[in-house]
Amino acid sequence: MDSVPPDITNQTRGSTFDLIWNNLAYAQLWEQLKARDEQVEWQGQTLRIIEGKPPHKLSNDDYGEDEQDQGKEYVLPIEMSQYKAGKLTFKCLDLIFDRMCPPGARRITLALANSDGTVMFYFVYKGIHKPKRN
C-alpha cells in the first residue's frame with residue numbers, strides 16, 4: 001500500500017478544487033461560479049482558477065471592483081501541504097496572473113484547504129500594493 005497521499009489539488013472530481021468550489025457556493029454564498037478554462041502546469045500539478053461574485057465587497061481597496069470586472073473575484077484553490085512545502089512561489093504567482101487571470105486583474109484570492117476540510121482565504125496582489133486605510 002502506498003503511504004504517500006495522492007496529489008488532489010485542482011483535479012476535477014473529489015478534490016481540493018471541489019472543496020473550495022462547494023465552500024464558495026454553499027458556505028460563502030458566492031454566485032456565478034465558473035472554472036476558468038486557462039490552466040497552468042506547475043511542479044507536476046495543474047492549477048486552475050475559480051471565478052465568481054461574492055455576496056458583498058471583500059475589501060475596501062480598489063482592486064477587483066473595476067467596471068469590467070463587475071465585482072468578480074478570482075480564487076486559486078491550494079492544498080495547505082503544498083503551501084507549507086513552498087511550492088507556491090513568486091514565479092508560480094507570476095504565471096497565474098499572466099496566464100490565468102484576465103488582463104488588468106491585480107488581485108486573486110488564495111484559498112487554502114486544510115486536511116480537515118477547513119478553508120482559509122488570503123488576498124494575493126500583483127506587484128506592490130499600497131496599504132489600505134482603516
Side-chain angles (χ1 to χ4, degrees):
M1 179 165 217
D2 191 2
S3 63
V4 178
D7 171 29
I8 60 169
T9 301
N10 291 321
Q11 294 176 0
T12 55
R13 302 259 183 251
S15 65
T16 299
F17 188 90
D18 289 337
L19 174 70
I20 303 295
W21 180 287
N22 289 333
N23 184 283
L24 291 171
Y26 302 113
Q28 308 302 323
L29 304 177
W30 282 38
E31 297 177 343
Q32 300 176 15
L33 289 175
K34 138 182 170 175
R36 293 188 56 87
D37 294 332
E38 299 85 357
Q39 300 181 64
V40 168
E41 295 294 326
W42 181 255
Q43 295 185 357
Q45 302 182 12
T46 302
L47 302 176
R48 295 186 71 193
I49 292 275
I50 299 171
E51 174 185 308
K53 291 179 102 175
H56 54 79
K57 189 174 176 182
L58 297 182
S59 174
N60 288 330
D61 60 21
D62 294 330
Y63 302 119
E65 295 295 325
D66 295 337
E67 276 185 32
Q68 72 182 40
D69 286 341
Q70 300 173 355
K72 289 182 185 171
E73 295 285 340
Y74 305 95
V75 179
L76 176 66
I78 293 288
E79 176 79 28
M80 178 65 85
S81 61
Q82 293 175 304
Y83 179 76
K84 288 182 179 178
K87 292 184 178 186
L88 189 66
T89 64
F90 288 126
K91 186 174 181 179
C92 178
L93 289 171
D94 283 342
L95 283 172
I96 290 164
F97 275 107
D98 293 342
R99 295 186 187 170
M100 294 171 48
C101 295
R106 297 180 283 177
R107 177 180 78 200
I108 60 172
T109 302
L110 184 65
L112 296 172
N114 205 349
S115 59
D116 65 357
T118 305
V119 178
M120 297 160 285
F121 298 96
Y122 296 96
F123 290 136
V124 177
Y125 294 90
K126 182 175 185 174
I128 303 295
H129 169 67
K130 182 178 177 182
K132 67 180 180 180
R133 299 173 107 166
N134 289 333

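From a predicted model like this one, the values you see are computed outputs, not experimental measurements.
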Minimal heavy-atom distance between Gly52 and Pro54, with the atoms involved, is O-CD, 3.8 Å
N/O donor-acceptor pair under 3.5 Å between Arg36 side chain and Met100 backbone: yes
Heavy atoms of Arg48 and Phe17 approach each other most closely as CB-CE1, 3.8 Å
### Polar side-chain atom of Arg106 near backbone of Tyr125 as donor-acceptor pair, under 3.5 Å
no
Smallest heavy-atom separation, Lys126 atom then Phe97 atom, equals N-CZ, 3.6 Å
In this structure, CD of Gln32 is separated from CD of Glu51 (nearest 0.5 Å) by 8.5 Å
CG of Asp37 to CD1 of Ile49, rounded to nearest 0.5 Å, is 12.5 Å
The reported gap from CE in Met120 to CD1 in Ile78 (rounded to nearest 0.5 angstrom) is 12.0 Å
Here the gap from Leu47 atom CG to Leu88 atom CG, rounded to the nearest 0.5 Å, amounts to 8.0 Å
Tightest non-hydrogen contact, residues Val40 and Leu95, listed as CG2-O, 4.1 Å
d(Asp94 CG, Thr89 OG1) to nearest 0.5 Å is 8.5 Å
### Thr118 backbone acceptor or donor facing Asp116 side chain under 3.5 Å
yes
Query - Minimum side-chain heavy-atom gap Trp30-Ile50 below 4.5 Å - result: no
Between the CZ atom in Phe121 and the CG atom in Leu112, the distance rounded to the nearest 0.5 Å is 9.5 Å
All heavy atoms of Arg107 vs all of Phe123, minimum pair found to be CD-CD2, 3.4 Å
Checklist entry - Hey, is the main chain of Asp18 close enough, under 3.5 Å, to the side chain of Asn22 for a donor-acceptor pair? => result yes
Less than 4.5 Å apart, any side-chain heavy atom of Trp21 and any of Pro77? no
Query - Heavy-atom neighbours of Gln43 CD exceed 12 at 6.0 Å - result: yes
